[in-house]
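Accompanying notes for the structure given below.
Protein chains get the first letters and strands the later ones, always in sequence-line order, with residue 1 at the start of each. Everything numeric in this text was worked out from a predicted model, so none of it was measured.
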Number of protein chains: 2
Amino acid sequence: MPKVGMEPVRRKALVDAAMRVIGDHGSLTVTMSEIAKQAGVSPALAHHYFGSKEQLLIETVRSHLQRLRDSTVTALRAAKTPREKLSAIIRVSFQADQFAPETIAAWLAFYAEAQRSEETRRFLVIYARRLRSNLLANLKVLCPSEDAERIAEGAAAMIDGLYIRQSLRSAPISIDASIALTEDYINALLAPLPRKAAFQKEQIK
Amino acid sequence: MPKVGMEPVRRKALVDAAMRVIGDHGSLTVTMSEIAKQAGVSPALAHHYFGSKEQLLIETVRSHLQRLRDSTVTALRAAKTPREKLSAIIRVSFQADQFAPETIAAWLAFYAEAQRSEETRRFLVIYARRLRSNLLANLKVLCPSEDAERIAEGAAAMIDGLYIRQSLRSAPISIDASIALTEDYINALLAPLPRKAAFQKEQIK
DNA sequence: TTTTGTTGATTGATCAGTCAATCAAAAATA
DNA sequence: TATTTTTGATTGACTGATCAATCAACAAAA
């Protein structure tokens, strides 16, 4: 049974298991045993590959954010105009798997963890900045810079807020409704501003 | 030193201490010892009055939400028109003490805890509903019901989102900027809708 | 026979929660 | 008023459970 080249397989299995356990549990106070069991290995093996629980958790955040990033990149590539790119960013944020209760619970747990773990915090800051700057880059093509900054900030906050509120599972909002709410926001704030449609090529620079 | 009637004093001291410790620590994984120490009593006393750690934590959430509620009620009373009341609700949400890093950290920890503790979840659901319904009641005076629902949902999400983002302390937004962003949202969505100013008296019903 | 994968058993630390004992104020009694 | 009794407040010391982390040992490939 024991073969060579197990390391990447086990690492992935453990990280995925961690994500699942955290999601179910709704908290980062999960045991290495639970994670290991879920991954079908012994707790000792988890320590063998990750050194510590904290490190495993950090890898789990990293992997989750990596996946989100990949989706975003793909979605952005598929969209043509800045306005379409904005919609793509929003759509990715509320993708079915991102919006599943367990994912939201895990996400929330990571945010809480970031208060204590500098490394976790760094990852989330990167995510927050990326979301904001993706929005900003495309908004700047559509309106003056100062307005773009405001709108990006507001849209990012709204996305995160819809997320958080979902975690309470009272009055759950559908994916479509969440997307509509965010689109509405952007449309409403963009409407009264001077258009910049003629300069859309600016996005290339 | 030991006098009668200490119970309410101790309970308050412990709840306040818990809030402080949770805020500093940025997490609910705090020990009874820490809380008790912060309150200047022995851990045993904390158990004596609250029975369990969970119960103390729940009382802490309750107390925090109660204070927020009181502020809201006061602010709403002072505001006259529906539009002013909307601003009052927003202002309270971003009050200095609410927006302090420790308060935000504690708030976040409670949200995470709500994934596991049904009772904590109940409290937060009450808060979420109250925020939404306060906004809704006043919006309904200013625009058609369906629009009011949407806007209330969006504004509530934006408030919570600005909160969450603040917890990462990257690109911190000032209180004033947060208020402005939320006001902007309401103004922008209200602008193109049919006014209802003539029916402001409806708010009384 | 060296390397890689794997685990069971164990250790050490941390904590929530318990308990018996102490102390001083209040209430009851003489 | 003086005393005894009761009661609430308080703690130090302890217990039992949980868990992260370690390690020695073994199995199978290379």
Side-chain angles (χ1 to χ4, degrees), chain A residues 1-22 24-61 109-110 112-113 115-120, chain B residues 1-22 24-61 109-110 112-113 115-120:
Chain A
M1 218 186 297
K3 260 193 304 189
V4 105
M6 279 286 100
E7 175 153 1
V9 176
R10 294 306 190 203
R11 290 189 91 98
K12 182 169 188 317
L14 282 162
V15 162
D16 290 352
M19 191 65 199
R20 242 171 299 140
V21 173
I22 292 166
D24 284 358
H25 215 270
S27 146
L28 288 197
T29 64
V30 295
T31 67
M32 285 298 250
S33 303
E34 277 177 284
I35 297 172
K37 192 174 181 183
Q38 177 70 219
V41 299
S42 78
L45 196 67
H47 274 100
H48 175 64
Y49 283 127
F50 289 93
S52 74
K53 183 184 171 182
E54 173 152 30
Q55 207 49 47
L56 168 52
L57 259 27
I58 285 169
E59 292 298 321
T60 306
V61 184
F110 290 143
E113 176 69 7
Q115 304 295 314
R116 300 198 291 112
S117 156
E118 182 53 32
E119 208 163 349
T120 301
Chain B
M1 216 189 299
K3 259 194 306 189
V4 108
M6 278 288 102
E7 176 153 0
V9 177
R10 294 308 189 202
R11 293 188 88 99
K12 182 168 188 320
L14 282 162
V15 161
D16 290 351
M19 193 65 198
R20 243 171 298 140
V21 173
I22 292 166
D24 284 356
H25 216 271
S27 143
L28 288 197
T29 63
V30 294
T31 66
M32 285 298 250
S33 303
E34 277 177 284
I35 297 173
K37 193 174 181 183
Q38 177 70 219
V41 298
S42 77
L45 196 67
H47 275 99
H48 174 64
Y49 283 128
F50 289 92
S52 73
K53 183 183 169 183
E54 172 151 30
Q55 207 50 48
L56 167 53
L57 259 28
I58 285 169
E59 293 297 322
T60 306
V61 184
F110 290 144
E113 175 69 7
Q115 304 295 313
R116 301 198 290 109
S117 155
E118 182 52 33
E119 207 162 349
T120 301

Open item on the list: Side-chain N or O of Y49(B) versus OP1/OP2 of dG8(D): is the shortest distance under 4.0 Å?
Closed with: no
- [ ] Could you tell me which non-hydrogen atom of L28(A) sits nearest to which non-hydrogen atom of K53(A), and how far apart they are?
- [x] O-NZ, 4.0 Å
Open item on the list: Do L56(A) and M32(A) have side chains that approach each other closer than 4.5 Å (heavy atoms only, starting at C-beta)?
Closed with: yes
Task: Considering all heavy atoms, the nearest A13(A)-A39(A) contact - done: O-CB, 3.8 Å
Task: Protein-to-nucleotide contact annotation, 5' to 3' order, nucleotides 7-19 of chain C [B base; S sugar-phosphate only; - none; under 4.0 Å, heavy atom] - done: BB------SSBBB
TODO: Let me know the distance between CD of E7(B) and C1' of dA25(C), rounded to the nearest Å.
DONE: 17 Å
- [ ] Could you go through the salt bridge (charged side-chain N to carboxylate O under 4.0 Å, His left out) check for E113(A) and R116(A) one step at a time?
- [x] CA-CA 5 Å; E113(A) 176 69 7; R116(A) 300 198 291 112; 3.3 Å; yes
- [ ] Report the distance from atom NZ of K37(A) to atom P of dC19(D), rounded to the nearest whole Å.
- [x] 12 Å
Task: Where A46(B) and L14(B) come nearest, the two heavy atoms and their spacing - done: CA-CD1, 3.8 Å
Open item on the list: Counting only side-chain nitrogens and oxygens, does R10(A) get under 4.0 Å of the OP1 or OP2 atom of dT4(C)?
Closed with: no
Task: Neighbour count above 12 (heavy atom, 6.0 Å) for E34(A) CD - done: yes
